[in-house]
Protein chains: 2
Amino acid sequence: MKTPLACRPHDHSRCVHSALSEADALCARQGVRLTALRRRVLELVWQSHKPLGAYDILAVLSEEDGRRAAPPTVYRALDFLLENGLVHRIASLNAFVGCNHPEHAHQGQFLICRQCHTAIELEQPAISEAIVAGARTVGFTVEGQTVEIVGLCAACREAA
Amino acid sequence: MKTPLACRPHDHSRCVHSALSEADALCARQGVRLTALRRRVLELVWQSHKPLGAYDILAVLSEEDGRRAAPPTVYRALDFLLENGLVHRIASLNAFVGCNHPEHAHQGQFLICRQCHTAIELEQPAISEAIVAGARTVGFTVEGQTVEIVGLCAACREAA
DNA sequence: AAAGAGACGTTATTCTATTACTCTTTTGCC
DNA sequence: GGCAAAAGAGTAATAGAATAACGTCTCTTT
């Protein structure tokens with residue numbers, strides 16, 4: 001079902017590499033362990049331009065290891081990455097994407113193209129603030145936000 | 001796992017009743033059929049103060065019918081109700097809630113209390129507009145919004 | 001009455017995620 | 001270095017969410 005998508009050629013492998021380096025540094029600073037497995041999972045998530053399902057990751061790991069990996073292996077790694085802000089989960093897709101700004105805690109907003117399936121992470125304080133303000137009108141205290149927008153990205157709209 | 005929650009006594013059954021009447025009228029107007037099954041599923045969703053899982057609905061139907069219903073039965077009814085704007089799906093919970101404003105097409109924002117699990121539907125143009133504006137900054141055209149907020153509702157915050 | 005469409009039943013399967021238990025590796029401490 | 005404790009990872013089984021494929025029934029509509 002999931003077709004691997006062409007990379008914009010420019011520097012994607014370099015992006016992945018720098019994301020991994022940043023993750024290394026961040027984990028060292030936090031005193032948590034970015035093990036080989038966790039790092040590999042993070043790399044796979046970053047390599048994909050689209051949100052990646054746990055079982056997609058599982059399939060890759062199984063193939064490269066010979067022995068077929070089991071779900072908990074992947075889910076544990078993903079839990080670690082989520083806890084440490086290195087990836088985000090897209091609830092509406094049951095999938096995961098690398099976080100663009102792992103250096104500070106946040107919950108992004110996601111723009112998901114229905115055409116190319118790319119997920120763009122947004123961090124617009126105006127959106128968060130509108131939500132907090134809206135919630136306050138009914139006395140609700142916001143603790144976490146899930147904002148997932150589907151539509152057409154700029155590239156796909158032009159192409160159409 | 002899911003504990004049935006106490007109703008605010010006031011007039012909940014009347015709320016459900018009026019929601020169903022409204023659904024009847026709306027379906028008649030649209031020329032679509034709110035069959036007994038679909039109506040029953042809608043009633044169950046409305047009766048619950050919390051987002052209801054498809055398999056919760058399935059369990060109730062199975063119990064009251066004697067013969068155990070199968071998933072497609074419920075999912076088809078839910079699909080119909082979704083298409084006609086009578087219920088909303090909460091992606092982050094894999095669950096469904098009755099729509100408060102079925103009379104006009106819209107996509108609400110949902111406030112989900114982590115304590116009592118109640119879902120409050122919000123319809124704040126300011127939030128939608130902030131999202132559309134934010135998306136526009138990267139050339140993204142919004143077609144659908146999933147906004148699901150977790151936190152504490154007013155009642156639970158007071159109780160704490 | 002016959003045809004066609006829509007709704008529903010039934011079985012099986014896929015996809016997503018977790019539980020429970022074991023074994024290994026790493027780490028901190030002496 | 002050696003050792004206990006803790007963290008990480010393997011494994012098997014299962015739970016939970018959703019869909020596919022096919023058949024049957026029941027309405028209209030003609």
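We name chains A, B, ... by the order of the sequence lines, and we start the count at 1 in each one. None of these values were measured; they are calculated from a predicted model. Atom set for the values below is all heavy atoms of this structure, side chains included, hydrogens, waters and symmetry mates excluded.
- Protein atom CG of A:L82 is 13 Å distant from nucleotide atom C1' of C:dA17, rounded to whole Å.
- Separating the CZ atom of A:R40 from the C1' atom of D:dA9 is a distance of 17 Å, rounded to the nearest angstrom.
- Contacts between residues 26-35 of chain A and DNA chain D, defined by a heavy-atom separation below 4.0 Å, involve A:R33, A:T35, listed by number.
- In this entry the distance linking CZ of B:F80 with C1' of C:dC8 reads 14 Å, nearest Å.
- A side-chain contact (heavy atoms from CB on, under 4.5 Å) with A:F96 holds for exactly one of A:L44, A:L82, A:L81; it is A:L82.
- Spacing between atom CG of A:L78 and atom P of C:dA17 amounts to 9 Å, rounded to whole angstrom units.
- Across its full length, the helix from C:dA1-D:dT30 to C:dC30-D:dG1 shows an angle of 30° between the axes of its 5 terminal pairs at either end, rounded to 10 degrees.
- Taking atom CG of B:D79 as the reference point, atom P of D:dA17 lies 16 Å away to the nearest angstrom.
- Put simply, the side chain of B:N84 gets close to the backbone of B:F80: a donor and an acceptor are under 3.5 Å apart.
- Without hydrogens or angle criteria, A:Q145 side chain to B:I149 main chain gives no donor-acceptor distance under 3.5 Å.
- Here SG of A:C15 is found 12.0 Å from CD of A:Q47. Values are rounded to the nearest 0.5 Å.
- Rounded to whole Å, the distance from CD1 on B:I90 to P on D:dA17 is 14 Å.
- A:H104 and A:E123 are linked by a side-chain donor-acceptor pair at a separation below 3.5 angstrom, with hydrogens and angles left out of the test.
- The structure places CD1 of B:I127 at 4.0 Å from CD of B:Q109, a figure rounded to the nearest 0.5 Å.
- With rounding to the nearest 0.5 angstrom, the CD atom of A:Q115 is 12.5 Å from the CZ atom of A:R157.
- For B:Y75 against D:dA20, no side-chain N or O and base N or O form a donor-acceptor pair under 3.5 Å.
- At the phosphate of D:dA18, OP1 or OP2 sits under 4.0 Å from a side-chain N or O atom of B:N94.
- At a cut-off of 3.5 angstrom, the base of D:dA15 holds no donor-acceptor pair with the side chain of B:Y55.
- Of the inter-residue distances, the one linking A:L42 atom CG with A:L78 atom CG reads 9.5 Å to the nearest 0.5 angstrom.
- Looking only at atom types and distance, the side chain of A:H17 has no donor-acceptor partner in the side chain of A:H12 under 3.5 Å away.
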Taking only N/O atoms, report every protein-nucleotides 10-14 of chain D pair under 3.5 Å with atom names and distance.
unit_1: D:dG10; atom_1: OP2; unit_2: A:T73; atom_2: OG1; d: 3.0
unit_1: D:dG10; atom_1: N7; unit_2: A:R76; atom_2: NH2; d: 2.6
unit_1: D:dG10; atom_1: O6; unit_2: A:R76; atom_2: NH1; d: 3.1

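- A distance below 6.0 Å separates the ring centres of B:H106 and B:H88.
- Within the 3.5 Å criterion, the main-chain N or O of B:L58 finds a donor-acceptor partner in the side chain of B:S62.
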